[in-house]
Amino acid sequence: MQLHRFYLPPEKCREDILWLDGQEARHALRVLRLQAGDDAIVLDGTGNEFSCKVESTSRDALSLRVKKKNFVPPPPCSFTLLVGIPKGKIIESIIQKSVELGARKIVPLLTERVITRLDDEGANLKREQWQQTAIEAMKQCGTAWLPEVEAPVSIEDFLARKEKLDLQLVGSLQKERRHPREVFREYEKANGRLPESAAVWIGPEGDFTPNELKAILGGGAHPISLGNLVLRVETAAVYCLSILNYELNSSTAAKQP
């Protein structure tokens with residue numbers, strides 16, 4: 001039987017007794033109806049898995065005694081997904097799939113063709129909602145690593161950070177695009193190893209504007225082909241993260257010709 005998984009931030013996972021309260025406790029008590037003696041898993045989002053047994057319950061909280069702690073090392077390559085915010089709630093599905101496919105950071109982009117416009121308060125509220133979506137996806141799929149979901153940001157503001165990334169890719173419809181594997185092998189030949197950090201840029205509906213793409217390429221991204229068809233935003237994100245996961249983090253990555 002699959003054990004129920006719960007999330008607690010690292011600062012709440014330092015003792016032999018862990019406490020669930022708030023939303024996690026309500027779900028455990030009122031939906032799952034956990035009782036004293038039941039087993040459960042607690043994830044802290046930084047690689048630690050705690051095998052626990054419910055010790056006591058109250059109306060709004062429950063305590064779990066840690067039986068075993070297991071650390072899951074991070075994957076060899078850390079992925080960042082930079083994606084233009086699509087219409088409606090599609091971004092939530094993108095976040096869910098990104099967690100399942102091993103993204104470590106998700107950056108929603110405010111581009112010229114993105115309809116959504118938010119002030120600082122609205123952006124932070126969205127970030128909190130999307131981070132909770134990532135937490136739920138982490139518990140569902142069982143990954144030990146919780147990605148950070150950022151507040152929406154413009155392309156210019158992200159590029160201005162000059163974040164250190166070994167490799168950047170951008171899904172492109174331009175003629176100059178290449179097969180992703182060509183870019184990976186070129187990097188490996190030049191550096192003697194595969195990248196340890198990589199980012200992929202995915203445009204919104206209608207794709208990036210020419211000026212936006214020029215800025216992204218100027219920031220060091222390599223244009224890659226996503227095939228002969230025009231993909232929806234969510235399909236393109238899953239496609240790219242699947243390629244990154246297989247090529248850079250799977251057990252066969254080092255064996256590719």
Side-chain angles (χ1 to χ4, degrees), residues 9-10 45-47 73-86 91 94-95 97-99 101-114 116 118 120 123-124 126-128 130-131 133-135 137-138 143-172 177-178 180 183-184 186-188 190-204 207-209 211-224 226 233 236-245 247-249 253:
T46 61
C77 185
S78 175
F79 305 151
T80 296
L81 173 67
L82 299 115
V83 58
I85 303 173
I91 186 66
I94 292 174
I95 291 169
K97 302 308 179 187
S98 298
V99 175
L101 290 168
R104 292 292 300 279
K105 183 184 290 188
I106 302 162
V107 184
L109 296 172
L110 294 170
T111 70
E112 291 185 35
R113 290 174 175 156
V114 164
T116 303
L118 300 166
D120 289 345
N124 287 326
K126 282 294 185 183
R127 188 204 67 78
E128 292 174 5
W130 293 337
Q131 189 68 60
T133 298
I135 290 172
M138 177 188 71
T143 179
W145 292 90
L146 175 65
E148 174 190 1
V149 183
E150 292 196 359
V153 64
S154 69
I155 293 172
E156 294 77 10
D157 286 345
F158 182 85
L159 291 173
R161 300 181 195 171
K162 299 186 181 301
E163 291 198 10
K164 186 179 183 305
L165 293 162
D166 287 347
L167 184 65
Q168 294 187 61
L169 308 173
V170 55
S172 174
R177 59 187 181 166
R178 292 190 290 165
V183 181
F184 298 143
E186 181 179 86
Y187 181 93
E188 186 176 21
N191 295 274
R193 61 172 177 83
L194 290 171
E196 296 175 355
S197 61
V200 59
W201 297 76
I202 302 295
D207 205 1
F208 296 116
T209 66
N211 285 338
E212 288 172 337
L213 182 58
K214 181 178 179 180
I216 293 168
L217 296 175
H222 299 266
I224 59 169
L226 306 187
V233 179
V238 170
Y239 181 97
C240 289
L241 288 175
S242 297
I243 290 173
L244 288 171
N245 204 26
E247 292 287 340
L248 304 181
N249 278 345

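Sequential numbering from 1 along the given sequence is applied to the chain's residues.
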Nearest non-hydrogen partners of Ala199 and Leu165, listed with the distance: CB-CD1, 3.7 Å
Nearest heavy-atom neighbours spanning Val170 and Ala221: CG1-CB, 4.1 Å
Can you tell if the side chain of Pro152 reaches within under 4.5 Å of the side chain of Ile85, non-hydrogen atoms only? yes
What's the shortest heavy-atom distance between Arg177 and Leu226, and which atoms? NH1-N, 4.3 Å
Separation between CD1 (Ile91) and NZ (Lys126), nearest 0.5 Å, reads 10.0 Å
d(Ile224 CD1, Gln168 CD) to nearest 0.5 Å is 12.0 Å
Do Leu101 and Phe79 have side-chain heavy atoms sitting under 4.5 Å apart? no
Residue pair Pro204 / Val233: nearest heavy atoms and the distance that separates them: C-CG2, 3.6 Å
Hey, what do you get for CG (Leu213) to OG (Ser172), rounding to the nearest 0.5 Å? 5.0 Å
Atom pair CD (Glu156) and CG (Leu110), whose distance is rounded to the nearest 0.5 Å: 10.0 Å
How long is the gap from OG1 on Thr133 to CD on Glu128, to the nearest 0.5 Å? 12.0 Å
Heavy-atom check, side chain of Leu244 versus side chain of Phe184, under 4.5 Å: yes
Just so I know, are the side chains of Leu146 and Gln131 near enough to count as touching, which here means a heavy-atom distance under 4.5 Å? yes
Partners meeting salt bridge (charged side-chain N to carboxylate O under 4.0 Å, His left out) with Glu186 (sequence neighbours left out): Arg178
Mark yes or no for whether Arg113, through its side chain, and Asp207, through its backbone, hold a donor-acceptor pair below 3.5 Å. yes
Counting only N and O atoms by type, is there a donor-acceptor contact under 3.5 Å from the side chain of Ser197 to the main-chain atoms of Asp166? yes
Kindly compute the distance separating CG (Asn249) from OG (Ser78), expressed to the nearest 0.5 Å. 8.5 Å
Got Ile202 and Cys240 here, is their nearest side-chain heavy-atom distance under 4.5 Å? yes
Minimal non-hydrogen separation, Arg104 against Pro74, with atom names: NH1-CB, 3.8 Å
Nearest heavy-atom approach of Leu194 to Tyr187 is C-CE2, 3.7 Å
Are Leu82 and Ile155 side-chain neighbours, meaning at least one heavy-atom pair lies under 4.5 Å? no
Taking the side chain as C-beta and beyond, is there a heavy-atom pair between Leu109 and Val153 under 4.5 Å? yes
Is a side-chain N or O of Glu150 found less than 3.5 angstrom from the main chain of Val107, in a donor-acceptor match? no
Could you tell me whether the side chain of Val200 reaches within less than 4.5 Å of the side chain of Ile243, counting heavy atoms only? no
Set of residues satisfying salt bridge (charged side-chain N to carboxylate O under 4.0 Å, His left out) with respect to Glu212, sequence neighbours excluded: none
